[in-house]
Asker: 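Below you will find the structure I want to go over with you.
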Amino acid sequence: MSDSTGDRDVWSRVDRYLETALLPEDPALAQALARNADEGLPPIDVSPAQGRFLHLLARIAGARRILEIGTLGGYSTIQLARALPTDGVVVTCEYSPDHAAVARANLEQAGLAERVEIRVGPALETLPTLTGPFDLVFVDADKQNNAAYLDHAIRLGRPGTVIVVDNVVRGGRLLTGGDPQVEGSRRMFAALQREERVEATALQTVGAKGYDGFLLARVR
Ligand code: SAH
Ligand code: DHB
Ligand code: MG
């Protein structure tokens, strides 16, 4: 069930092939990853292909206001902010002031600082202070709180709002549970079983970041 080393190797090589075929050279994203590494941030950003996927989803949705929960160094934030019109905004929630400082530098370097508001603190304290509606919500923080984050995302949405949640499969540990992070995603799926305010699906993914998956939902 979990990804063996050999599987991961071919998934990573295919990801590099797809990046070469599909993704333009991107100095701002490359510099963001380099700064993240220099600053000691964990390499848990979405992959380049996944980031491009989020960017395209935001473009397809015509998003003007995007909410992100979990900024890290702003790699996904850059991908989302670039999908916006010049008067659009990403509000991104980050617990760690250190991560937020790195993200701020990366967003400035990418020329996107004016389109992004970083809200530092526990997202569960920030979210009740926000006013919607947001057109797209990307949830990628502490998975223990995924059920609550989904609830806030729906509350802050409007009919048609796109919600994406990262890391919902975790190498198949979704099925077996046993750590607070996957237990959080299991609580989110249990809530979705009764949730009438969204229609949802999930996609399992493999690639440079291993075996995982995205939840995709649309507010009714
Ligand atoms: N979306 C980023 C990766 C986010 S990693 C990208 O793809 O580039 C998860 C981030 O969530 C980390 O920076 C972590 O500090 C942050 N986080 C963890 N708990 C949080 C909380 N309670 N509120 C807000 N952010 C939190
Ligand atoms: C990990 C990956 C993620 O995408 C994330 O948001 C948090 C943690 C990880 O691989 O540990
Ligand atoms: Mg993630």
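Atoms within each ligand, like the ligands themselves, are counted from 1 in listed order.
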Asker: Keeping E195 on the side-chain end and R197 on the backbone end, is there a donor-acceptor pair under 3.5 Å?
Answerer: yes
Asker: May I ask you to check if ligand 2 and D45 share an N or O to N or O distance below 3.5 Å?
Answerer: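 No: no nitrogen or oxygen of D45 is under 3.5 Å from one in ligand 2.
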Asker: May I have the list of side-chain donor-acceptor pairs in residues 69-79 shorter than 3.5 Å, sequence neighbours left out?
Answerer:
unit_1: T71; atom_1: OG1; unit_2: T92; atom_2: OG1; d: 2.7
unit_1: T71; atom_1: OG1; unit_2: C93; atom_2: O; d: 3.3
unit_1: S76; atom_1: OG; unit_2: E68; atom_2: OE2; d: 2.6
unit_1: T77; atom_1: OG1; unit_2: E68; atom_2: OE1; d: 2.6

Asker: Around R64, counting heavy atoms of other residues, nucleotides and ligands shown, do more than 12 lie under 6.0 Å from its CZ?
Answerer: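 No, because the 6.0 Å sphere around CZ of R64 holds 12 heavy atoms or fewer from other groups.
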Asker: Heavy-atom distances under 4.0 Å are what count here, so tell me which part of D212 touches ligand 2: side chain, backbone, both or neither.
Answerer: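 Answer for D212: neither.
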Asker: How about F214 and V168: do any of their side-chain heavy atoms sit closer than 4.5 Å?
Answerer: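 No, side chains not in contact.
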Asker: For Q181, is the nearest heavy atom under 4.0 Å from an atom of ligand 2?
Answerer: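 Q181: no contact with ligand 2 (<4.0 Å).
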Asker: I'd like to know if the side chain of T201 and the backbone of L216 have a donor-acceptor N/O pair within less than 3.5 Å.
Answerer: no
Asker: Out of curiosity, H99 NE2 to N106 CG, how far, rounded to the nearest 0.5 Å?
Answerer: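 The NE2 atom of H99 sits 12.0 Å away from the CG atom of N106.
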Asker: So among L127, V137, I163, which one has a side-chain contact (heavy atoms from CB on, under 4.5 Å) with L156?
Answerer: L127
Asker: What protein heavy atom sits nearest atom 5 (C) of ligand 2, and how far away is it?
Answerer: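 The protein heavy atom lying closest is N167 OD1, 3.1 Å.
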Asker: Just heavy atoms, cut-off under 4.0 Å: does K209 contact ligand 2 by side chain, backbone, both, or neither?
Answerer: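 Under 4.0 Å from ligand 2, K209 contributes no heavy atoms.
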Asker: Heavy atoms under 4.0 Å from ligand 1: which residues qualify?
Answerer: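 I44, D45, V46, E68, G70, T71, L72, Y75, S76, C93, E94, Y95, H99, G121, P122, A123, F138, D140, A141, D142, Y149.
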Asker: Scan D45, D166, V46, N167 and name whichever one has a side-chain contact (heavy atoms from CB on, under 4.5 Å) with K209.
Answerer: D45
Asker: Side chains of D135 and T161: any donor to acceptor distance under 3.5 Å?
Answerer: no
Asker: Which residue and non-hydrogen atom of the protein lie closest to atom 11 (O) of ligand 2, and at what distance in Å?
Answerer: R170 NH1, 3.4 Å
Asker: By residue and atom, what protein N/O/S atoms are less than 2.8 Å from the Mg ion (ligand 3)?
Answerer: D140 OD1, D166 OD2, N167 OD1
Asker: Identify, by atom number and element, the atoms of ligand 2 in contact range of D166, meaning under 4.0 Å from any of its heavy atoms.
Answerer: 4 (O)
Asker: Strictly by modelled atom types, are Q144 and Q181 linked by a side-chain donor-acceptor pair under 3.5 Å?
Answerer: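 Result is yes, a qualifying pair exists.
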Asker: Among all the protein's non-hydrogen atoms, which is closest to atom 7 (C) of ligand 2, and how far away is it?
Answerer: I44 CD1, 3.7 Å
Asker: Say whether, by atom type as modelled, one donor and one acceptor occur between the side chain of R173 and the main chain of G178 under 3.5 angstrom.
Answerer: no
Asker: Just wondering, more than 12 heavy atoms not from R59 lying within 6.0 Å of its CZ?
Answerer: no
Asker: Any side-chain hydrogen bond (donor to acceptor under 3.5 Å, both in side chains) pairs touching residues 119-128, not counting sequence neighbours?
Answerer: E117-R119
